[in-house]
Number of protein chains: 2
Amino acid sequence: MALNYVKDFEIVRKVLSEYLEENGQRKTPERYAILEEIYKMDSHFDVEDLHIQMRANDFRISRATIYNNLELLLEAKLIRKHRFTKGMARYEKSYFNSQHDHVILTDTGEVIEFCDPRIQHIKKTLQEVFNITIESHSLHFYGIRQK
Amino acid sequence: MALNYVKDFEIVRKVLSEYLEENGQRKTPERYAILEEIYKMDSHFDVEDLHIQMRANDFRISRATIYNNLELLLEAKLIRKHRFTKGMARYEKSYFNSQHDHVILTDTGEVIEFCDPRIQHIKKTLQEVFNITIESHSLHFYGIRQK
DNA sequence: ATAACTGCAAATCATTTGCAGATCT
DNA sequence: AGATCTGCAAATGATTTGCAGTTAT
């Protein structure tokens, strides 16, 4: 997916444009710059990572603006937000990524992604049993690597 | 379980005593008071709830002490900690409660507990596939009640 | 006696907010 | 033009920490 991120980026840029139009929000250079940096990344990042990366690419931007726009990208479903541990929240691009869950290795901080269909079965059962509509979920396993 | 919480409390009091002895930590009245108030509760609570309840029962205690000792009770596995939403963390007694997971209804804030054996199957698979030992997990579904 | 604990107030740290000036439409 | 946005700096709010006085062992 990193191979043709230019084409990918054209797509998410369009998704963002449509979202902004539908909501009467302005198309600022900051928004596209943030989106582009995020879609260049290959893994999870926090606000500081993103800020540093943008400054390294000569894009001056404040943290407040990053926070504001991560919220916007979240609403546009272009990113996902996680709280693996205390401290900063972490984010990841979501557009070409299928839903997955995470194992956090607590000694190293490493995060493993996995996908297990049984989680969808649990979701389906819950919806029927409690007569609810489930919109999202968060599943984290915490463990350590075997010695 | 609320019916004979006095007997239950004798048990957890003993568990705490043993934990403190094993770790060379002091048996302060605050620790037992916090434990007792928690085991009177029938559902999730946050630091503020606990503080208010203790003061209502004429036990003067500072928030710092509550925070310190919730950490200790966590290590003693006498309580569990959750972060259902942003803001304050929430806790619950864990000694007589079997492991369960949660559905959070995002419109009302209501929290439903459930237990599904398939989560243990997922855990088992992950341990084998990644050669890891999983110590805990957190599973939250977010949804709304059907209209 | 003495190491651990409590409680206050101050510090921390991620995130949010107020607002003045800049910028999309 | 006019509402939205950005960016600074200050505010927030949950949690942590420093430290002086207290207490369990």
Side-chain angles (χ1 to χ4, degrees), chain A residues 13 16-38 44-52 54-55 57-76 79-91 109, chain B residues 13-14 16-38 44-52 54-55 57-76 78-91 109:
Chain A
R13 169 186 276 274
L16 177 57
S17 292
E18 282 166 13
Y19 179 83
L20 293 172
E21 280 162 18
E22 277 167 22
N23 292 273
Q25 293 181 276
R26 279 164 41 188
K27 297 174 185 174
T28 64
E30 286 80 3
R31 289 174 173 169
Y32 291 100
I34 290 171
L35 185 70
E36 174 152 23
E37 294 303 334
I38 289 174
H44 304 103
F45 61 91
D46 61 30
V47 169
E48 173 142 41
D49 295 332
L50 182 56
H51 197 207
I52 289 170
M54 292 186 77
R55 293 179 93 86
N57 291 354
D58 291 317
F59 198 100
R60 290 194 85 264
I61 192 168
S62 77
R63 258 158 216 269
T65 300
I66 291 179
Y67 276 111
N68 287 339
N69 287 311
L70 286 177
E71 196 55 42
L72 182 153
L73 294 177
L74 225 32
E75 279 157 22
I79 61 176
R80 293 194 198 97
K81 180 176 184 172
H82 302 288
R83 289 181 182 289
F84 294 137
T85 57
K86 60 198 169 314
M88 287 184 175
R90 314 198 60 195
Y91 300 82
Chain B
R13 169 186 276 274
K14 189 151 291 178
L16 177 55
S17 292
E18 281 165 14
Y19 178 83
L20 293 173
E21 280 162 19
E22 277 168 20
N23 292 275
Q25 294 182 274
R26 281 165 38 188
K27 295 173 185 174
T28 65
E30 287 80 2
R31 289 175 173 168
Y32 291 99
I34 290 171
L35 185 69
E36 174 153 25
E37 294 302 334
I38 289 173
H44 304 101
F45 61 91
D46 59 32
V47 169
E48 173 142 43
D49 295 333
L50 181 57
H51 196 206
I52 289 170
M54 293 187 76
R55 293 178 92 86
N57 291 355
D58 291 318
F59 198 100
R60 291 195 83 261
I61 192 169
S62 78
R63 256 158 219 270
T65 300
I66 291 180
Y67 277 110
N68 286 339
N69 287 311
L70 286 177
E71 196 56 41
L72 182 152
L73 294 178
L74 226 32
E75 279 157 21
L78 283 164
I79 61 175
R80 293 195 198 97
K81 180 175 185 173
H82 302 289
R83 289 180 184 288
F84 294 136
T85 57
K86 60 199 167 313
M88 286 182 176
R90 312 199 61 196
Y91 300 82

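Every chain is numbered from 1, with letters handed out A, B, ... down the list of sequences. Computed from a predicted model, the values in this text were never measured in an experiment.
- Rounded to whole angstrom, the span from the CD1 atom of A/I61 across to the C1' atom of C/dT23 amounts to 14 Å.
- Ion pairing of B/R13 with B/E36 is absent here, as no side-chain N (NZ or NE/NH1/NH2) approaches a carboxylate O to less than 4.0 Å.
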Reading nucleotides 15-25 of chain D from the 5' end, what letters show protein touch, with B for base, S for backbone sugar-phosphate only, - for no heavy atom under 4.0 Å? BBB-----BSS
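- By the 4.5 Å heavy-atom criterion applied to side chains, B/L20 and B/L72 are counted as neighbours.
- With sequence neighbours left out, the side chain to side chain donor-acceptor pair (under 3.5 Å) criterion links B/D49 to no other residue.
- When each of B/G24 and B/S62 is assigned the nucleotide of DNA chain C bearing its nearest heavy atom, the one mapping closer to the 5' terminus is B/G24.
- For the pair A/E48/A/R63, a side-chain contact is recorded, criterion being any heavy-atom separation below 4.5 Å from C-beta on.
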Can you give each donor-acceptor pair under 3.5 Å made by side-chain atoms of residues 81-91 of chain B, sequence neighbours left out, with the distance rounded to 0.1 Å?
from	atom 1	to	atom 2	distance (Å)
B/H82	NE2	B/E92	OE2	2.8
B/R90	NH2	B/H44	O	3.3

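- Residue A/E48 contributes atom CD, which lies 12 Å from atom P of C/dC13 at whole-angstrom precision.
- Computed from coordinates, the B/Y19 OH to C/dA4 P distance equals 14 Å when rounded to whole Å.
- When the C1' atom of D/dC5 is taken as reference, atom CG of A/N23 falls 15 Å away, rounded to whole Å.
- Note: CG (A/D46) to P (C/dT15) measures 8 Å, nearest angstrom.
- For B/E30, counting side-chain heavy atoms from C-beta on, the closest listed nucleotide (C/dC8, D/dT6, C/dT6) is C/dT6.
- Taking A/T65 as the reference, A/E30, A/I61, A/S62, A/N69 meet the side chain to side chain contact (heavy atoms under 4.5 Å, CB included) condition, with sequence neighbours excluded.
- In this structure, the CG atom of A/L70 is 15 Å from the C1' atom of D/dT6, given to the nearest Å.
- Five base pairs at each end of the helix from C/dA1-D/dT25 to C/dT25-D/dA1 define two local axes, and these are offset by 30° (rounded to 10°).
- Following rounding to the nearest Å, A/R90 (CZ) and C/dA14 (C1') show an atom-to-atom distance of 15 Å.
- The side chain of A/N69 contributes an N or O atom lying less than 4.0 Å from OP1 or OP2 of D/dT6.
- Under the rule for a side chain to side chain contact (heavy atoms under 4.5 Å, CB included), A/D58 has no partner lying at least two apart in sequence or in another chain.
- Atom CG in B/N57 sits 4.5 Å away from atom CD in B/E37 (nearest 0.5 Å).
- Between the P atom of D/dC5 and the CD1 atom of A/I66 lies a distance of 17 Å, rounded to the nearest Å.
- With a 4.5 Å cut-off on side-chain heavy atoms, B/I38 and B/L70 count as touching.
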